[in-house]
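Input: a single structure, listed below in structure tokens.
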Amino acid sequence: MTHADLCRLAAQWLKRPASRQGPGCIISFEQTAPIGSPEVTDAIGWTSWIAATSASSVLVEAKVSRADFLADRNKPFRKNPDHGIGDFRYYLAPRGLIAEHDLPPQWGLIEYTGRGLTVTCGHVLERLKPMPNGRYKRDLDRWRFTKNA
């Protein structure tokens, strides 16, 4: 599995509906550099169903080696997460490469198993909770980043 393969899988996962443990993005891109950001994303997508604002973004960083994952911590926008992009952020790596306890705060983890992608942790796994008005809502605040919009 190459980095480009993981980026392609990440872009596909971003469009996966919530019923299949995905964020349900309406559009996604792989290996792109948004205007005004020094960050080059492996995959990013936008959806409008998870936030009260007009759209929310989901970033996926693909890692094929442990060294690449550890080096990622030294990027300026990782040291100061407010400078990074993405309302919600995930790492995607082959199973066993990244342990949940290795993740920075608020990051989710998607693992490539050889048969597909499995979400280990992240906002897409939050359960719907009843609200006083009879509706249901996911508590996503613990996963949401302040970002470089």
Side-chain angles (χ1 to χ4, degrees), residues 1-128 138-149:
M1 184 62 49
T2 67
H3 183 265
D5 292 334
L6 287 180
C7 292
R8 197 168 17 268
L9 287 173
Q12 292 170 359
W13 175 81
L14 286 165
K15 292 183 178 180
R16 187 186 288 184
S19 62
R20 293 185 51 229
Q21 294 184 338
C25 293
I26 56 175
I27 190 167
S28 67
F29 298 97
E30 59 185 87
Q31 297 181 317
T32 187
I35 296 171
S37 173
E39 188 170 0
V40 176
T41 65
D42 290 335
I44 190 166
W46 285 267
T47 184
S48 60
W49 72 269
I50 59 176
T53 58
S54 61
S56 290
S57 55
V58 183
L59 170 86
V60 180
E61 272 296 307
K63 299 299 171 192
V64 293
S65 73
R66 182 86 178 153
D68 187 21
F69 170 70
L70 294 173
D72 195 64
R73 297 176 180 179
N74 296 322
K75 294 178 179 175
F77 38 85
R78 298 288 181 258
K79 288 182 176 181
N80 188 345
D82 291 357
H83 293 172
I85 59 176
D87 290 297
F88 301 97
R89 301 174 189 173
Y90 287 83
Y91 281 106
L92 167 59
R95 174 161 278 165
L97 187 80
I98 302 171
E100 224 176 299
H101 66 266
D102 293 330
L103 294 172
Q106 297 173 268
W107 280 77
L109 178 61
I110 309 162
E111 294 183 308
Y112 173 70
T113 65
R115 295 183 63 194
L117 301 181
T118 301
V119 181
T120 303
C121 67
H123 81 287
V124 298
L125 298 179
E126 288 293 320
R127 300 273 185 224
L128 289 169
R138 288 179 172 85
D139 181 15
L140 303 178
D141 291 339
R142 73 185 191 104
W143 298 101
R144 190 182 309 276
F145 279 87
T146 301
K147 66 181 183 303
N148 175 0

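If you read the sequence from its start, that first residue is 1, and numbering goes on from there.
- Distance check, rounded to the nearest 0.5 Å: NZ of K15 to CD1 of I27 gives 7.0 Å.
- Once rounded to the nearest 0.5 Å, the distance linking NZ of K63 with CG of L92 reads 10.5 Å.
- Rounding to the nearest 0.5 angstrom, the gap separating the CD atom in E61 from the CG atom in D68 is 8.0 Å.
- F145 carries R89 over the face of its six-membered ring, with the cationic atom under 6.0 Å from the centre and within 45° of the normal.
- Between the S28 side chain and the A11 main chain, a donor and an acceptor come within less than 3.5 Å of each other.
- Checked against the 6.0 Å centroid threshold, Y90 and W13 count as a close aromatic pair.
- Checking D72 against Y91 by side-chain atom types alone, a donor-acceptor pair falls below 3.5 Å.
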For the pair K75 and E39, evaluate salt bridge (Lys or Arg N to Asp or Glu O under 4.0 Å) and give the outcome as yes or no after the intermediate values. CA-CA 9 Å; K75 294 178 179 175; E39 188 170 0; over 6 Å; no
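- Under the rule for a side chain to side chain contact (heavy atoms under 4.5 Å, CB included), the partners of Q31 that lie at least two apart in sequence or sit in another chain are H3, C7.
- The pair D102-R66 meets the salt-bridge criterion, with a side-chain N (NZ, NE, NH1 or NH2) lying under 4.0 Å from an Asp/Glu carboxylate O.
- A side-chain donor from one of D5 and T2 sits under 3.5 Å from a side-chain acceptor of the other.
- Annotation for R127: atom CZ does not count as buried by contact number, only 12 or fewer foreign heavy atoms lying within 6.0 Å.
- Looking at E111 and T120, their side chains do bring a donor and an acceptor atom within 3.5 Å of each other.
- Each of L9, L14, I44, L6 was checked for a side-chain contact (heavy atoms from CB on, under 4.5 Å) with V60, and the lone residue meeting it is L14.
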